[in-house]
Every structure is written in structure tokens, then in C-alpha cells.
There are 2 protein chains.
Amino acid sequence: MPADTAASAKFTPRQSAVLAEALRLLVEGGDKALTTSGLARAANCSKESLYKWFGDRDGLLAAMISFQQSKVRTADRSGERLSVEALRDHLEIFARDLLEVLAGDVSLALNRLAIGQSSRDGSKLGKLLLEHGRREIDRRARGLIEAGKRSGLLRFNDADDAYHTLYGLVVSDLHVRMLLGELGLKDNTAQAHKAVDAFLILHGTNKDSGEAPRASAAR
Amino acid sequence: MPADTAASAKFTPRQSAVLAEALRLLVEGGDKALTTSGLARAANCSKESLYKWFGDRDGLLAAMISFQQSKVRTADRSGERLSVEALRDHLEIFARDLLEVLAGDVSLALNRLAIGQSSRDGSKLGKLLLEHGRREIDRRARGLIEAGKRSGLLRFNDADDAYHTLYGLVVSDLHVRMLLGELGLKDNTAQAHKAVDAFLILHGTNKDSGEAPRASAAR
DNA sequence: CGGAATAGGTACCGTACGGTACGGTTCTTC
DNA sequence: GAAGAACCGTACCGTACGGTACCTATTCCG
């Protein structure tokens, strides 16, 4: 994981470094390990600066989410002309990327944090995570699906429904299992392949798009 | 919600009452609201008894999970002879039950609790929830799917894969969204219907099992 | 050069939690 | 009916956190 990639727009380099350290602490030890004193010690800054920059602990958590998301960028290829093979490839790449993002240390830690808070803060962090965290990946998938329809390769009434179908086929209950502490898949690529196969059977227009059943060795 | 249904095997009535109160506190205010002092006050018992019965706070949490699971029973109809309509009905009922269970107050609260702890306790609670919490519902689905195959109505290579496909089609990312604080679906039945349609297209043997596309008004 | 802003270090405060100890009360059991 | 266990209520302890205050060091800028 690159520690100090492109600087964020909203934070000074010093603040970014502190936020990166905060994420490290959170990933290592969960929200109990992310104390203001501990962060100040680990990041060589003062608690007073933390409160000046972020207001209070909740502000810090929100800043961490915003900071992490500023580091996520996805390529958008929705403009391309799609062949059926290209669509399948792009869908599989999307599915694999999705699985990898969801299985990432930082993503899991932030989701755990927001879920833990959601029962008492009116799910402010949860909203943040849903609205800003998934926007990029949602937009990418949405673009891909719409492009597939425009190219006559996919058929569906509601793009939302189709996207959620794809998401369900790719992820199933894996995200929750990982949030609960279970290890991820051994082979994301195989899972992505199977999910896209099923998705194309459901929503593809190419009638021979269903492949032979796989050896099914993913889980 | 029936407060005091069948008594558990592992807990005395008094302990069950305390655990029920603990669940109520947890649902109301999240894990911050579930303090030993608060529980003792709310349940009219002494902290000393809590520690005598459950060892420590983690023991109490584990007992809450175990207690809640002892109240969940599912009907098992896997012995029946299945027609295609009966299979579809049973699958839809299963899907609807699954959505309702996942959206339940107590289920969400316990999952949030276990997820919050999973980053620091080696996911002991998470394992508990996964291994014991889903066993019943998993067994029911597994039985249904296997019965469908025996009756020649479903085809698949791996029952696990098929089950996860069904699960993904039914739930998609809804569980995580609800854990993050979002409201559930407006119409679980419509979602169940759509998911089972898709599942039967993928794994049914009856070639005309795919129905006309629905009006898609679930979400 | 000098003052103001910025930020690090540390000490401190109030609070609330998990866990323990103890005296009094009810319930069982012989 | 008495001995004893189970249990309630409460008070208590140590700890650790969030948040604040104060003081110093560095940097920036006129």
C-alpha cells in the first residue's frame, strides 16, 4: 500500500500524514486503538492540533473517511465501443476490483468503524461511507452497464436492479463475512468469472453467452 | 416481538430475563448503552450476579448471541415432494424470511456488535454469529435446494455455490447498507420474487420458468 | 529584526467504564 | 424453623478516555 500518494485537496500535507497514521492505527487495532492521545503520540503531533483541525473525535473519523476516499480513483471506460468480449472482460475486471476493494484492510476497518457507530450517532458515518465511498465504484459499474445496453449487449428494464443483481452475484454475503472476521476468497478472479457468467445469462442478449459450468473451486 | 417465548435450555428464567433486557438495551442504544451497571439497573439485578453468571463482559455478549439464537426456529420441509410451483413458493418464502430476519432489530444490533468487536477480539463473536446464527437458516436453504435437485427441478454442480448465488440475488448489498443505518426495503416480497425468478433462470430445469420481467418497483 | 501565527509537548480535569467487595434480603432445603 | 445459598443494592477502586489549558519552539512575513 503506498503510504503517501497524491496529496488530497482538502488537507494539508501534515494533516494528510496524521490521517494516514490514524488509518494505520485503526486498521491495526480497531476503533479502541484509535484514541486521540494515541494518535497524537504515534503521529508526533499534539492533541490540541487534532482538535483544532478536526473539531472532535467524530470530525476526525469523518476526515479519515474523506481522506481515504480521495485516494480512490477508478478508470472510466464507458465511452468505448463494446464487443461482447470486451464487455465481459470489463465486467470481470470490475468484479475483481470490487472484491479487492471490499477485502482491503482500510475498507474493512472503516466499514467496521461506521457500522459500530451507526447505532448511536444517527449513522452519520454510515451515510458518509455509503454516499461518498461507493460513488466512484457505483458510477463505474453504472456506466459499464448502460454502455452495454446502448451497444445492444445487455437488456434490462431498470439499471439499478441490474446493478444490484450484479453486485449480489459478485459479493453475495462475503462482505458481511469479512466484516465479521472471516478471511476473503482464495481466488477473486474465479468468483468474478462465475458471477459475470451468471449476470450475462440473466441480462445478456447473446444467447450463447452462457459458458460451460466451471469447476467451482472458488470457496 | 414476543418478549418471553420458549425458555432457553442453557439459561435459567432469571438469566433469560436479564439477557432479554440486555438485548433491549443493545437494540436501543448500541453497544455503548450496554454497560454492566446499566444492565444491572435496568434488569433489577446486581453486577455481582452478572459476573457470576457470565464471567465478564465478553461472556455476556456471547451469552446474548446464544440466547437470541435459541429463540430462532425454522420449519424444515425438505422431505416433501416438490412440484415446480411448490419449489418456487418455498424459495420465495425462504427469501422473504431471510430478508425479514436480516432486517430485524436484534439481528442488526448483534451483527453490529460482533462487527465492532471483530477488530480487536480475534473475531470470537463474529465466529459465534456466523457458525451458530446462520446455521438454521443455512440448513433450511440447503435442504430446499437439495430437495429441488432430487426432484429434478434444479441443476447445479455445487450446492454451496448455488446457495450463495441465491443468497446474493436475494440480499445483494442490502445487509451491509442496513448495518450502516439505511432503512430496509419497502417490499420484501417483490424482492424475493425477483430474486427467485433469477435463481430459477440460472439453476432451474424448467425451461419456461423465466417469467415476464417485473415492473421493478422494489427499491 | 521582531511579532504573530502555527504547532509540538505535557500536564491536567471530569467522567464513565469494567470489575470487586460487602452488608442486607429473600428463597430453598432439610 | 434454622442453616445456607442465591441474589440484590450500593459503594468503591483503578484506569483510561475525550477534551482543555498552558507553555515553548519554529516559521513566516512585513
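Letters go in sequence order (proteins before strands), and every chain restarts at 1. Worth knowing before you read on, the calculation uses all heavy atoms, side chains too, and leaves out hydrogens, waters and symmetry mates. Here the structure is a predicted model, which is why all the values come from computation and not from measurement.
The interatomic distance linking Gln15(A) (CD) with dT6(C) (P) rounds to 12 Å, in whole Å. Going from atom CG of Leu50(B) over to atom P of dA6(D) covers 16 Å, rounded to whole Å.
Among residues at least two apart or in separate chains, there is no salt bridge (charged side-chain N to carboxylate O under 4.0 Å, His left out) pair with a member in residues 35-60 of chain B. Sorted by first and then second residue, the salt bridge (charged side-chain N to carboxylate O under 4.0 Å, His left out) pairs with a member in residues 116-135 of chain B read Asp31(A)-Arg120(B), Asp173(A)-Arg134(B); sequence neighbours excluded. Annotation: salt bridge (charged side-chain N to carboxylate O under 4.0 Å, His left out) contacts involving residues 15-29 of chain B, sequence neighbours excluded, comprise Glu21(B)-Arg24(B), Arg24(B)-Glu28(B).
At a threshold of 4.0 angstrom between heavy atoms, the contacts of Arg14(A) are confined to the sugar-phosphate backbone, with no base atom among them.
Qualifying side chain to side chain contact (heavy atoms under 4.5 Å, CB included) partners for Ala103(A), counting only residues two or more places apart in sequence or in other chains: Met178(A). Ala17(B) is linked by a side chain to side chain contact (heavy atoms under 4.5 Å, CB included) to Arg14(B), counting only residues two or more places apart in sequence or in another chain.
Taking 4.0 angstrom as the limit, Trp53(B) places a side-chain polar atom (N or O) nearer than this to OP1 or OP2 of dC7(D).
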For nucleotides 13-24 of chain C, 5' to 3', base contacts (B), sugar-phosphate-only contacts (S) and non-contacts (-) with protein non-hydrogen atoms under 4.0 Å give ----SBBBBB--

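When only modelled atom types and interatomic distance are considered, His193(A) and Glu92(A) share a side-chain donor-acceptor pair under 3.5 Å.
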